[in-house]
Structures are given as C-alpha cells and as structure tokens.
Visitor: 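For reference, the structure I am asking about is given below.
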Number of protein chains: 2
Amino acid sequence: MLNKAQSEKEFLKNYNIHDYDIPLTSVDLVIFTIREQCLHVLLVKRGDFPFKGEWSLPGGFIDVHKDKDLDATALRKLREKTGVRVPYLEQLQGFGSRTRDPRGWSTTFVYFSLIASDQIELAHGGTADAAQWFPINAESRLPKLAFDHAEIFQVALQRLYNKVEYSSLAAHLLPTEFTLTDLQQVYQIVLGRQIDKSAFRKRIKEGNFLDELEGQFRYGSNRPAQLYRIKEGSGLVYYSRTLSNE
Amino acid sequence: MLNKAQSEKEFLKNYNIHDYDIPLTSVDLVIFTIREQCLHVLLVKRGDFPFKGEWSLPGGFIDVHKDKDLDATALRKLREKTGVRVPYLEQLQGFGSRTRDPRGWSTTFVYFSLIASDQIELAHGGTADAAQWFPINAESRLPKLAFDHAEIFQVALQRLYNKVEYSSLAAHLLPTEFTLTDLQQVYQIVLGRQIDKSAFRKRIKEGNFLDELEGQFRYGSNRPAQLYRIKEGSGLVYYSRTLSNE
DNA sequence: ATAATAGTGTCTGTAAGACACTATCCA
DNA sequence: TGGATAGTGTCTTACAGACACTATTAT
C-alpha cells in the first residue's frame with residue numbers, strides 16, 4: 001500500500017497533458033498611451049495564420065519554459081512590442097470560447113497597460129509583427145480586428161473610462177515629470193469633457209500621490225508651472241467619490 | 001499559388017495542439033452566501049490527485065466539447081455543486097504560474113458568485129466531491145486550501161468588500177423577497193460595521209433597483225415591514241460615492 | 001399600555017462644481 | 001503694459017452620517 005505522497009508521485013509520473021483535449025491559452029495586451037493630445041492604442045499586424053495580415057492586439061502564447069507566471073508573460077510581450085520597462089500593468093479579464101480562434105477552443109488573459117509615449121520605441125522589422133499606434137476618438141475608427149479583439153478592446157476602453165473617474169490611474173499616461181495642468185488635460189482627454197480646475201487640484205492634492213519637485217518649474221510666457229512626479233512606490237489612489245455625478 | 005483563404009485552411013489542417021507545450025486551464029469558483037447571519041464560502045474536498053483529500057475551491061477543467069465559452073463552464077460547475085439556476089456570477093481574475101499545480105504550468109479563470117442560501121441544495125455522495133459551507137469571520141479560520149486557493153480566496157473576499165461599498169451587489173445574497181432591514185443587515189455582515197438606517201434607505205431608494213411588492217409585508221410584534229424584490233432585468237447599480245468615507 | 005421594530009425628518013459635515021480672483025512669467 | 005497660463009478663495013450643491021422622531025403591529 002502506497003502512502004499519500006507516494007500515490008501522488010505515481011499519479012504525476014503517469015500524467016501527460018497531451019492525453020487531454022484542452023484549450024489554447026494566450027495573453028493579450030491593450031496598451032494605451034497619449035500622443036498629440038489624443039488617446040491611442042497599440043495594434044500589431046499579424047505575421048502568421050490565423051488572421052495573417054490583419055490587425056490585432058499584441059499578445060501571444062505563454063512560454064511555459066521562460067515565463068514563471070502570467071504577469072511575466074504579459075511583461076515579456078510588452079517589452080517585445082514597446083521596449084518599455086516599468087509601465088502600469090493590470091489584468092483586465094479573461095475571454096474564452098469555442099469560436100474565437102479557428103484553431104479550436106481558446107482562452108486569453110487580457111492585460112491592460114498605460115505607458116508614457118516618450119518612453120516607447122516600437123519594435124519593427126525582422127520577424128516582428130509591425131506595430132502601430134491608432135488614435136481613439138469620435139472621428140477615427142479602428143481597423144477591423146482579428147479574433148474577438150474588437151470586443152476585448154471595448155471592454156478595456158470602458159475599464160479605462162470608469163477607473164479614471166475614481167482613481168489616480170490617468171497619471172500613468174504621462175512622462176515622469178509633469179504639471180498639474182498636464183495631468184488635468186490627460187483626464188479631460190480620456191473622459192472627453194472639461195473638468196473644473198479648482199476642484200481637480202483640490203482632489204489631486206488630497207490624494208497625496210504626487211511629489212512636488214522643489215524649485216523645478218516649466219517656463220513659458222506665463223507664470224511658471226510647478227513640476228510633479230508620481231510618489232515613489234505609491235500604488236493607485238482610489239477616491240470615495242467619482243469626478244462627475246451622472 | 002494558394003490564395004489567402006486556402007493558405008489558412010491548409011495551415012489549420014496541419015495544426016495540432018498536442019504538438020506544443022501549453023498550460024493546463026481550469027475554471028474555479030468562489031461562491032459566497034449568508035447563513036445564520038454570517039458570510040460563508042463553499043469549499044469542496046478533492047476526490048482526486050493532486051491534493052487528494054484536501055479542501056479547495058470548487059472548479060474543474062473546461063470541457064471543450066460541452067462548454068461553448070468560459071461563462072458556460074462556470075455555470076456548469078456552479079450547477080454541479082449547488083443546483084442553483086440564476087445566481088450572480090462575474091469573472092474575478094485569472095491566475096497562472098509554473099508552480100501552482102504540481103502537474104505543471106497551469107492557469108485558472110476564477111469566477112465570483114453570490115447566491116441566496118435558501119436556493120441551494122449541495123451536491124453530495126456518489127463520485128461528487130463533498131461540498132461544505134465554511135463561515136468567514138474573525139473567530140473562524142478556513143482550513144488549509146489546495147493549490148493557490150488561499151490567495152485566490154483573499155482576492156475574492158477583498159473584491160466583495162470593495163464592491164459592496166459602492167454598488168447594489170449585496171442584494172444578491174438575499175432570497176428573492178426581503179425587507180430593507182434584511183438588506184441592511186447583509187450589508188452590515190459583509191462590511192463588518194453598523195450603517196445608519198436613514199442614510200442607507202435614502203441610498204437604496206435613490207438606486208431604484210428594487211420593486212416594492214404592493215400590499216405585501218412581513219409581520220411581527222411591530223410595525224409590518226414592506227417586502228421588496230430586485231427589479232427584473234436590473235443589473236448592478238453603481239453609486240458615485242462609497243458608503244463610508246475612510 | 002408597552003415593547004419592538006419599521007420608517008421618516010432635520011441638521012451637520014465633507015468634498016465636488018462654478019466661477020471669479022490673484023500671481024508671475026514673456027514679449 | 002498686455003496676454004497668457006498658473007494657482008487660490010468663496011459660495012453653492014449633493015449626499016452620507018447622526019440622531020431624534022413618528023408609525024404600526026403583537027401581546
């Protein structure tokens with residue numbers, strides 16, 4: 001009679017994942033940035049089947065040898081496409097169905113990332129898929145996307161809108177040093193509406209997630225603007241009220 | 001020369017998922033209910049390796065033949081364990097790493113469910129794993145859980161706490177007909193603190209997600225209490241402020 | 001009548017919104 | 001000096017919290 005540990009060892013020895021019908025599993029990313037006063041999303045042109053030559057969200061399969069966990073896969077993919085080191089990254093949601101991929105039942109863990117446009121060097125050429133920023137606004141429409149990526153993108157965009165209303169999230173779309181007016185503009189771009197300056201500043205100060213860079217200002221033909229950066233090690237700040245009331 | 005559709009067809013013909021090292025993919029559930037004035041979570045005793053005989057969150061593998069998408073897998077698992085038909089179900093988050101399952105790289109899509117305790121018949125006996133409700137409060141501790149389920153449970157519990165603060169979520173822990181005092185008690189149990197009755201009622205009425213059952217009351221040795229039920233087809237209501245201010 | 005819980009009214013506190021005001025630079 | 005944008009002060013508004021008050025039943 002085997003004891004429990006021995007039984008488990010025996011079980012694992014005989015266990016072969018290839019004996020089962022299991023779904024494909026990938027990780028995809030919705031990467032937002034702000035360029036030229038407009039929210040943009042990163043898309044790549046697929047170099048392989050399926051959907052070869054069509055636009056899609058960047059992503060790919062988990063490398064069970066290289067990646068220690070899902071976050072590692074996401075970070076690896078992010079680095080491959082943008083060269084970015086420490087962006088804002090959170091998991092959005094999983095998607096999975098029999099029909100989303102013609103190769104069969106497939107699932108994907110979708111991540112949501114915000115990066116400053118000044119930190120990006122898009123990967124190009126070689127075997128890498130072509131990557132390109134697409135603006136998101138009322139005038140422009142994204143190209144048709146592969147798989148169910150159009151639906152996934154909509155969910156991500158909705159999450160961005162919602163979360164900006166009650167958190168410090170939007171600060172991660174800016175370069176490391178910025179003014180409060182920069183920050184307010186980012187909020188306005190994302191939310192698509194004007195925000196009152198006074199109310200906005202009271203709220204940001206109250207949130208206490210910025211460091212004032214003492215003696216550092218941005219100069220122009222006006223009163224110099226204080227520069228700030230995100231406080232070291234401060235995660236997202238959540239407010240107990242949203243910005244707007246409808 | 002093949003055209004694009006033919007090339008893709010050719011590619012798919014030669015594609016065999018078993019040629020690749022890919023992770024295991026499962027769906028797990030964190031199912032909450034309220035029994036005897038206390039929040040409970042459903043755990044099952046594992047009938048098979050790995051972690052045979054240990055407690056875990058209910059769940060299992062995607063059945064690529066039966067399930068059309070992830071939600072279908074989650075609903076199937078929920079029905080198998082509890083017999084419940086239309087509970088509150090949302091996806092919580094995915095987890096995946098090389099180490100969480102001794103069989104190898106594995107991922108799981110975790111769902112989050114709230115159900116009324118009066119609607120449940122726990123599946124027992126046969127080959128089914130034994131299922132049992134465990135109380136969640138300061139005095140009691142959950143047993144040691146298999147895989148990374150202890151961590152997953154903590155994330156789910158945190159989500160419950162947070163979401164109850166700014167939404168109508170907690171209403172889904174009640175049987176179909178309830179009084180406002182019932183509802184307030186559920187909020188208090190989940191949040192672990194008292195709530196002011198007047199403020200609470202103003203908020204709920206404002207939310208407009210309940211139907212007053214005209215002429216139906218719960219009687220006792222006091223003024224009869226109006227019965228309510230959740231409005232047909234109303235999803236969650238989100239408030240622009242949380243209940244508490246810290 | 002009394003106990004008990006249902007349900008309401010009134011006042012206060014807090015933070016967002018509106019908007020006018022001052023501050024400080026460049027040309 | 002004037003134009004421009006940075007930054008502040010004051011009043012209003014919306015809603016959560018505190019708490020006392022009234023309402024309606026069973027016993």
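Everything numeric in this text was worked out from a predicted model, so none of it was measured. Only heavy atoms go into these numbers, but all of them, side chains included; no hydrogens, no water, no symmetry mates. Letters go in sequence order (proteins before strands), and every chain restarts at 1.
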Visitor: To the side chain of A:P224, which of C:dT14, C:dA6, C:dC25 is closest?
Guide: C:dC25
Visitor: How close or far is atom P of C:dG13 from atom CG of B:D196, stated in whole angstroms?
Guide: 15 Å
Visitor: Starting at CD of A:Q194 and ending at P of C:dC19, how long is that distance when rounded to a whole Å?
Guide: 13 Å
Visitor: Is it true that atom NZ of A:K68 has more than 12 heavy atoms of other residues, nucleotides or ligands lying nearer than 6.0 Å?
Guide: no
Visitor: Given atom CD1 of B:I195 and atom C1' of C:dA6, what is their separation to the nearest angstrom?
Guide: 17 Å
Visitor: Starting at atom CZ of A:F178, determine the distance to atom P of D:dG7, rounded to an integer number of angstrom.
Guide: 13 Å
Visitor: For A:R35, what residues pass the side chain to side chain donor-acceptor pair (under 3.5 Å) criterion, not counting sequence neighbours?
Guide: none
Visitor: B:K197 has an atom NZ; how far is it from atom P of C:dG9, in whole Å?
Guide: 13 Å
Visitor: Which of these, A:T25, A:D148, A:D28, sits in a side chain to side chain donor-acceptor pair (under 3.5 Å) with A:T108?
Guide: A:D28
Visitor: With respect to the side chain of B:R223, which nucleotide from C:dG7, D:dG7, C:dC19 is positioned closest?
Guide: C:dG7
Visitor: If you check every side-chain atom of B:Q226, which of D:dA16, D:dA6, C:dG7 has the closest atom?
Guide: C:dG7
Visitor: Select base, sugar-phosphate, or nothing to describe what B:T181 touches, counting heavy atoms under 4.0 Å on all strands.
Guide: sugar-phosphate
Visitor: Of the residues in residues 198-221 of chain A, which ones touch DNA chain D at a heavy-atom distance under 4.0 Å?
Guide: A:S198, A:R201, A:K202, A:K205, A:S221
